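Structure first, then comments.
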Amino acid sequence: MSKEVLKPEHLSKVLQRNDPQQVTDRTFFIDGSNQSLETIPSEILALKELEELHLENNQIAEIPPDIQNLKNVRVLYLHKNNLQCLWPELASLSSLESLDLSSNPLLYSSLTVVSCLRTLRELRLYNTGLREVPTVICKSLHHLELFGLSENHLQSLPGEIVNQTKLREIYLKKNEFSVFPCDLCTLVSLEVIDLDHNKLKAIPEEIGNLVRLQKFYVASNHLSLLPESLSQCSKLSVLDLTHNLLHILPPTLDQLTELTEVGLSENRLEKVPRLLCRWTQLQLLYLRNTCLRGLRRSFKRLINLRFLDLSQNHIDHFPVQICALKNLEILALDDNKVGQLPPTMSSLTKLKILGLTGNDFPSFPEEIFSLVSLEKLYIGQDQGCKISYVPENIKKLKNLKELYIENNLVEQLPASLGLMPNLEVLDCRHNLLKQLPDAICLAQDLKELLLEDNLLTHLPENLDHLVNLKVLTLKKNPIEDPPMEVCAQGKDAIWKYLKENRIRKQMAIKIQAWWRGTMVRKGYGSYEELLKARKKGKTSPKDKKGKKAAKGKPAKRK
């Protein structure tokens with residue numbers, strides 16, 4: 001086994017991040033993550049009092065024998081390295097409680113070492129290529145509280161999983177389970193089960209045994225029905241059923257009165273389940289793409305809702321029940337058929353994010369201006385009607401940070417955008433803008449200005465005053481000033497061009513002022529008189545005097 005010492009530059013980085021004045025024999029925490037380490041430095045392995053060691057996201061391929069010196073280490077994170085083998089010395093870590101070996105190309109046979117770590121409470125083996133869980137781990141580790149096995153190739157769990165009587169959280173996301181592992185239903189201490197992205201077709205009635213279950217994730221499976229016994233999981237607060245084949249929910253689920261988050265998106269509901277309106281503690285509700293045409297009257301009971309996703313449905317009018325949800329902060333109504341907003345929108349005083357993209361608004365809905373707390377507004381119209389203008393009253397949204405009006409027919413922007421003190425993102429892509437208002441240069445907080453695919457020929461000469469701007473896109477515009485070759489070089493080149501162009505104009509003005517003064521001092525009259533004379537095709541007064549003098553005395557021929 002290699003005993004290569006950490007390169008000096010890497011060691012100094014690790015020590016700097018952990019305060020070199022404090023790195024002594026009494027050091028308890030070291031963060032050596034993201035340092036391109038190829039081995040664990042011997043200086044770290046000598047810290048006998050160390051309790052927590054982070055070495056994730058490196059290139060460590062071997063664990064040196066001296067790892068056994070870390071008798072007091074309780075937390076060891078080694079995920080995202082190049083480990084294949086786990087050497088026996090790892091078993092000497094008698095105090096280890098949390099071990100993360102995720103995203104390593106581990107050999108199945110080397111995992112037996114883990115079974116010797118009898119004090120383990122948390123074991124993470126995400127994305128390690130597992131096709132089965134080593135039986136010896138389930139037999140020997142009796143104190144596990146968290147078992148992470150997501151992103152593997154598991155189709156089942158060993159029967160010995162029933163020995164994990166203290167298990168509170170198990171993560172099995174993105175595996176190949178086609179049958180729900182029924183042995184889990186015997187682990188009455190379970191509080192979290194994550195089986196998202198598998199191939200489950202049913203959930204057993206025994207799920208009702210898990211009376212302590214709080215979070216149940218079964219999104220992206222093939223579930224068409226739920227067991228009525230799920231209602232016995234009375235402590236359930238999070239239920240994610242997104243992307244399944246559900247038409248209805250068992251009426252007994254109305255007993256789940258502690259639910260705060262429910263995901264029903266991507267199912268075939270067609271109507272809001274009646275029992276859902278009895279979950280009055282709900283704070284987050286996902287109903288995207290569920291073939292809804294409206295909401296039940298009783299929907300207004302959900303007064304604790306903070307997040308509501310109704311996007312990608314068939315709703316053709318704004319459901320007034322929403323206006324009763326006084327605590328709502330985020331509302332997504334994108335990709336529906338809504339054409340008008342009610343005046344009662346003003347009651348949503350806490351609304352911060354509003355998504356209206358892809359609806360049928362014939363013009364900009366000015367009812368939005370009553371939403372005083374709004375921070376993000378999405379009203380791009382990639383389908384349906386397209387708006388042709390943005391009202392000057394947009395300035396009423398004092399707290400607005402992000403405005404998305406892409407894919408419309410907007411020809412000009414309101415000058416009042418420059419009066420919006422918090423505006424950071426302005427997305428105007430795919431419109432008909434011919435010019436930008438000069439006032440946009442006053443929006444000092446602007447960080448992103450997206451203008452591609454418009455009809456812009458020039459930019460405001462003071463646009464470089466937007467000192468916080470990080471992103472500026474101008475592709476597919478007939479830009480002439482600055483020239484396209486300058487625009488192609490990016491924002492810094494554009495800023496340089498605008499600044500130099502402004503200096504040239506200032507010099508031209510100074511020269512013109514000097515010329516005017518010179519003409520006046522030489523007796524050619526005021527500048528205004530000269531302009532009038534030129535317009536009439538006449539010469540200056542001094543020229544006339546010269547001609548009269550010529551009549552009295554002929555000029556000598558050369």
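What's counted below: heavy atoms across the whole structure, side chains too, no hydrogens, waters or symmetry copies. Small disclaimer: the values here were computed from a predicted structure and weren't measured.
- Annotation: side-chain contact (heavy atoms from CB on, under 4.5 Å) contacts of Asn58 (sequence neighbours excluded): Gln35, Leu37, Leu55, Ile60, Asn81.
- For the pair Lys499 and Trp495, the cation does not sit on the ring face, since its NZ or CZ is not both under 6.0 Å from the ring centre and inside 45° of the axis.
- Counting only residues at least two apart or on different chains, no salt bridge (Lys or Arg N to Asp or Glu O under 4.0 Å) pair has a member in residues 434-457.
- Counting only N and O atoms by type, the side chains of Tyr497 and Asp481 include a donor and acceptor under 3.5 Å apart.
- Using a 4.5 Å heavy-atom threshold, the side chains of Leu310 and Ile322 count as touching.
- The only option from Val75, Leu146, Leu99, Asp100 that meets the side chain to side chain contact (heavy atoms under 4.5 Å, CB included) definition with Glu122 turns out to be Leu146.
- Side-chain atoms of Asn327 and Lys350 include a donor-acceptor pair closer than 3.5 Å.
- Counting only residues at least two apart or on different chains, no ring-ring contact (aromatic ring centres under 6.0 Å, His included) pair has a member in residues 443-475.
- Between Thr260 and Leu284 there is no side-chain heavy-atom pair separated by less than 4.5 Å.
- Residue pairs meeting the salt bridge (Lys or Arg N to Asp or Glu O under 4.0 Å) criterion with at least one member in residues 265-278, sequence neighbours excluded: Asp254-Arg278, Glu266-Arg288.
- Within 6.0 Å of CD on Gln340 lie no more than 12 heavy atoms contributed by other residues, nucleotides or ligands.
- Atom CD of Glu402 is surrounded by more than 12 heavy atoms from other residues, nucleotides or ligands within 6.0 Å.
- Annotation: ring-ring contact (aromatic ring centres under 6.0 Å, His included) contacts involving residues 267-290, sequence neighbours excluded, comprise Tyr286-Phe307.
- Residues Leu498 and Asn462 have side chains not in contact (no heavy-atom distance under 4.5 Å, counting atoms from C-beta outward).
- The side-chain heavy atoms of Cys487 and Ile494, taken from C-beta on, include a pair separated by under 4.5 Å.
- Under a cut-off of 6.0 angstrom, the local environment of CG in Leu409 is crowded, with over 12 non-hydrogen atoms contributed by other residues, nucleotides or ligands.
- For Asp335, there are no salt bridge (Lys or Arg N to Asp or Glu O under 4.0 Å) partners two or more places apart in sequence or in a different chain.
- Applying the ring-ring contact (aromatic ring centres under 6.0 Å, His included) rule to pairs touching residues 338-393 yields Phe364-Phe369, Tyr378-Tyr404, sequence neighbours excluded.
- Checked by atom type, the side-chain pair Asn34/Asn57 shows a donor-acceptor distance below 3.5 Å.
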Under 3.5 Å, side-chain donor or acceptor atoms of residues 238-246 against the rest of the protein: list the pairs with distances, not counting sequence neighbours.
unit_1	atom_1	unit_2	atom_2	d
Asp240	OD1	Thr242	N	3.1
Asp240	OD1	Thr242	OG1	2.6
Asn244	OD1	Asn221	N	3.3
Asn244	OD1	His222	N	3.4
Asn244	OD1	Leu223	N	3.0
Asn244	ND2	Val218	O	3.1
Asn244	ND2	Leu241	O	3.0
Asn244	ND2	Thr242	O	3.3

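- At least one side-chain heavy atom of Leu83 sits under 4.5 Å from a side-chain heavy atom of Leu78.
- Residues passing the ring pair (Phe, Tyr, Trp, His ring centres under 6.0 Å) test with His430: none are found, sequence neighbours excluded.
- Contacts classified as salt bridge (Lys or Arg N to Asp or Glu O under 4.0 Å) and involving residues 384-395 (residues at least two apart or in different chains) are not found.
- Within the structure, the salt bridge (Lys or Arg N to Asp or Glu O under 4.0 Å) test picks out the following pairs touching residues 413-430 (sequence neighbours left out): Asp427-Arg429.
- Under the side-chain contact (heavy atoms from CB on, under 4.5 Å) criterion, Ala324 pairs with Lys300, sequence neighbours left out.
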